[in-house]
Amino acid sequence: MTNQYLFNKIETKWQKRWKESKIHSPDLTKSMKKYYALTMWPYPSGDKLHIGHWYNYGPADTYARFMKMKGYNVFQPQGFDAFGLPAENYAIHHKVHPALSTEKNIATMKKQLDSIGAMYDWQNEIRSCAPEYYKWTQWLFLKLYDMGLAYRKTAPVNWCPSCGTVLANEQVKDGVCDRCKEQVTKKELTQWFFKITDYAEELLQNLDELDWPEKTKHMQQNWIGKSVGANIIFKIKEYDDTIEVFSTRSDTIFGATYLVLAPEHPLVKNIIPSEYKETVDSYIAITKEKTEIERMSLDREKTGVFTGVYAINPLSKAEIPIWVADYVVSSYGTGAIMAVPSGDERDFEFANEFGLPIIEVVSPDGELHGNDQCYSDYGISVNSGEYSGKPTESVQKLINAQLDELGCGGAKIQYKLHDWLISRQRYWGTPIPIIHCPACGIVPVEMNELPVLLPEDIKLSSTYGDELSPLAASDSYINVKCPKCGGDAKRDADTMDTFVCSSWYYLRYPNAHYSEGPFDPDRLKWLPVDCYIGGAEHATMHLLYARFITKALRDGGYLNFDEPFTKLYHQGTITRDGTKMSKSRGNTVSPDEFIENYGSDTFRAYLMFMGPFDEGADWSDQGITGIDRFLKKVWRFCQLPDSHNSSSKKDLQVLHHTIQTVSSDLEHMKFNTAISRLMEFINHFSNYEEIESSFKLNLIKMIAPLTPHIAEELWEINGGGESVFLEAFPEFDAALAEEDTIAIAVQVNGKLRGNIEVVKTLEKDALLLEARKHENVHHYLAGKEIIKEIVVPQRLVNFVVK
RNA sequence: GCCGGGAUGGUGGAAUUGGUAGACACGCUGGUCUUAGGAACCAGUGCCCUUGUGGUGUGAAGGUUCGAGUCCUUUUCCCGGCACCA
């Protein structure tokens, strides 16, 4: 054999050819049989491509290439989520301007992305930090502002001291910053929000129709957190103020024996009588010092103090004490509850702790059971005035109606979802296109003035750590004339959360350099994205934001579809020794070393072979030799001299069966088993010295999506055309794929006692006869009475004997 | 605490959805070729034993069935998400 598999030479050769021939740039003016395959864009923070990138992009490309060979017009773009904190921190650390370090990092990353051998259409590359892109992110902001979906409010927000910026709810996990793991504190700030809550119901409803992992849908469902109940307004005795609470169990209102306000509730400041002030203030001071973690820990005892004030139950007119306790959180509902100790475990515990009254209002059977236990299910109302004796579900409806009539509340739906806080007190992001004028207030920048460019004269890191944004320090940037009155005004000093950049980027790819608008209306026929692949960690962030922005733009008249990503897939995680790879653990695996030794085809195929794509697998250094051997066998097989004898029936059967299983596996992204099937194929022919040419060509087409470089080279060597990716994926012939004879298992009492080889068409009776003839089976049947004979066509025979 | 997902050889993982458990690989053992091999090829490899087409075996214990990795009940552990959500 003269011809050796020199992966290095082959891979550079084909990467160059693909680039030159622009084979990966489809004609986007035509959308017949379009297939928009997208992966989540990478974040050029300064690291090399790590194994996680490869595990996302390699298999995703295999799928895209498979779809192309299935006859689709595939568009697979790539770009860079280049704005953001890590990029800015990287720049500060290396003492360069983020624009420069980002550009350098992107250049490195692009080279590495090329080594994957993916069919990226670099003609339509996007960088979120490019003015030609962020101009339209600003456009998006202004459109949302026009639609009343972007607004400013003062609220206690999450502040990360280490990042020096506020964070959205979604970016705080267990009380710490999702990025840097620093404790997040609360700050009262005036910030921009996007009104995602307007879409809570639709975001929830549409989940049903999406071809997404159930897990992800569940997470979004929980995050949106819909609960159906009622709001109830309590008057405060001797005050004009009222307290509004939300309850899912308004039917238990007669059992409300006290109200609880969260320590952060605004009324706490106003209504406390002087003799109670000291106690309440010191309690609030203590709770403030507790961290989120401490407040969330479950086993801790309930604490609280009485305010000295009473509220009046709108239905029973009972006077009930108002307490302050930190088991009520300010961020949900109204930050206040009516406590019904007989029907809620938490209230029950609190009432017992502080000797508050308990009134039984729900009974499972209509009888009274006393107050020494809590019953939280539905049942029959008791001790509830005119409602007593009725089923609680109907009581709830009646009470909601009555509350409404009395002007004291009524039926209400409450969501956990909060509006999206998008202001960031950092430099490296899209400037918010708003001017604050002392005379005119908030004035949006005119559309034709966009983009509002990021200033370059910035002293980075100088102002970080307090709430003043770096942009505020740039005089040339911050000081402007008001577009309305011409007077002195200031620009908004904040930039937008990077998730705003990624909430719409998929709309721009089909015409990435379009200058007339954010997206070419004509190219929208490429939308929505047919298949989106990326990490599951974005379930309640990016993936929720993108859905919201799509719906908002639809309502603005810019889009005619409801959902951005028709089908979603998450790659799993590659672990090392059972744990996540991380630099701090020192258990990372660098792809480069393996690509150098084995080539990128081998590397990406190995990643796919390790385990199911959505589950990931544990990395092993030596496992890759299996793929290495396989590709060498493929290479050798494709160098075999052509045979001119017609192939055996068995060979044809193996070929067609392989086509059948590999097609179906690739279709379902079961890359690991697809590779196994191809290994079986190659093993079948391991000792052949010549082979009919069509076998080679079919094999090459089948491995092409998985290992594109070697496939192209072998295709060329075997006299194929310009590129194997212009070919169709092989079709199988069902008749040829089946074997004539099959092995039937013969069991006696469910235990395997033999195998028989029979023709497929054999009738049941003949089959039983054959089975009985089997020597070992015969032995087990001897002297026994056959009670039952079970025949599973083409599988097994089971004799039940006594 | 609640909601998801999972547990199969020494290792990664297969299993037509109730029908021969362990495909395909890695590793290991033995062999062939070789000056050599971290190359290639061949054979073997769940466990146990009395080596028989013997017993046993899919986290554990029960159950349904002719037949269970797959269905049901109980239970242990692991991973992900949410968490005093009223």
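Residue numbers start from 1 in every chain, and the chains themselves are labelled A, B, ... in the order their sequence lines are given, proteins ahead of strands. Computed from heavy atoms alone, side chains included, the values below leave out hydrogens, waters and symmetry copies. Bear in mind the structure is a predicted one, so any value in this text is a computation, not a measurement.
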Should [N] form a Watson-Crick or G-U wobble pair with both distances under 3.5 Å, which nucleotide is its partner?
N	value
B:rU50	none
B:rG38	none
B:rG1	B:rC82
B:rC77	B:rG6
B:rG44	B:rC28
B:rG57	none
B:rG62	B:rC72

field: Cation-pi, A:Phe799 ring and A:Arg753 (6.0 angstrom, 45 degrees)
entry: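 No - A:Arg753 does not lie over the ring of A:Phe799 by the 6.0 Å and 45° rule.
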When you check the phosphate oxygens OP1 and OP2 of [N], does a side-chain N or O of [X] lie under 4.0 Å from one of them?
X	N	answer
A:Asn687	B:rC41	no
A:Tyr598	B:rG38	no
A:Lys670	B:rA15	yes
A:Ser227	B:rA86	yes
A:Arg636	B:rA40	no
A:Asn683	B:rA25	yes

If I pick the [atom1] atom on [M] and the same atom on [N], what distance separates them, to the nearest angstrom?
N	M	atom1	answer
B:rG30	B:rC72	C1'	48 Å
B:rA14	B:rA7	P	9 Å
B:rG55	B:rC78	C1'	32 Å
B:rC49	B:rU56	P	16 Å
B:rU64	B:rU70	C1'	14 Å
B:rG54	B:rG59	C1'	27 Å
B:rG44	B:rG63	C1'	40 Å

Within the 4.0 Å heavy-atom criterion, would you say [X] contacts the bases, only the backbone, or no part of the nucleic acid?
X	result
A:Ala539	nothing
A:Ser247	sugar-phosphate
A:Asn672	sugar-phosphate

query: Less than 4.0 Å between a side-chain N and a carboxylate O, is that true for A:Glu353 and A:Lys302?
result: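 A:Glu353 and A:Lys302: not salt-bridged.
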Per [X] side chain, nearest of listed nucleotides [options]:
X	options	value
A:Arg629	B:rA14, B:rC24, B:rG27	B:rG27
A:Lys633	B:rU20, B:rC41, B:rG13	B:rC41
A:Leu752	B:rA86, B:rU20, B:rA14	B:rU20
A:Met679	B:rA86, B:rC82, B:rA25	B:rA25
A:His774	B:rA86, B:rA14, B:rU53	B:rU53
A:Arg753	B:rG55, B:rA14, B:rC41	B:rG55
A:Arg677	B:rC82, B:rA23, B:rU56	B:rA23
A:Phe246	B:rA86, B:rG27, B:rA23	B:rA86
A:Ile790	B:rA86, B:rC66, B:rU56	B:rC66
A:Asn798	B:rG67, B:rA86, B:rA40	B:rG67

Side-chain donor-acceptor pair under 3.5 Å between [X] and [Y], yes or no?
X	Y	answer
A:Thr62	A:Arg604	yes
A:Gln220	A:Trp212	no
A:Thr602	A:Asp628	no
A:Glu201	A:Tyr415	yes

Measure the distance from [atom1] on [X] to [atom2] on [N] and round it to the nearest whole Å.
X	N	atom1	atom2	value
A:Leu678	B:rA25	CG	P	11 Å
A:Asp618	B:rG10	CG	C1'	14 Å
A:Ile243	B:rA86	CD1	C1'	15 Å
A:Gln747	B:rG54	CD	P	13 Å

Given RNA chain B, 5'-ward residue of the pair A:Gly750 and A:Tyr780, judged by closest heavy atom: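 Between the two, 5'-proximity favours A:Tyr780.
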- request: Name the residue closer to the 5' end of RNA chain B, choosing between A:Lys632 and A:Thr625 according to the nucleotide with the nearest heavy atom.
  value: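 Looking at RNA chain B, the more 5' nearest nucleotide goes with A:Thr625.
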task: Pull up the glycosidic torsion of B:rU17 and say syn or anti, syn being anything within 90° of 0.
output: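 With its glycosidic angle within 90° of zero, B:rU17 counts as syn.
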Anti/syn call for B:rG10, syn if |chi| within 90°: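 B:rG10: anti glycosidic orientation.
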- prompt: What orientation do A:Phe594 and A:Tyr598 show, parallel under 30°, tilted 30 to 60°, or perpendicular over 60°?
  reply: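 Aromatic pair A:Phe594/A:Tyr598 classed parallel.
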message: Can a donor-acceptor pair be found, under 3.5 Å and without considering hydrogens, that links the side chain of A:Asn749 to the backbone of A:Val801?
response: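 Yes; at least one donor-acceptor contact below 3.5 Å.
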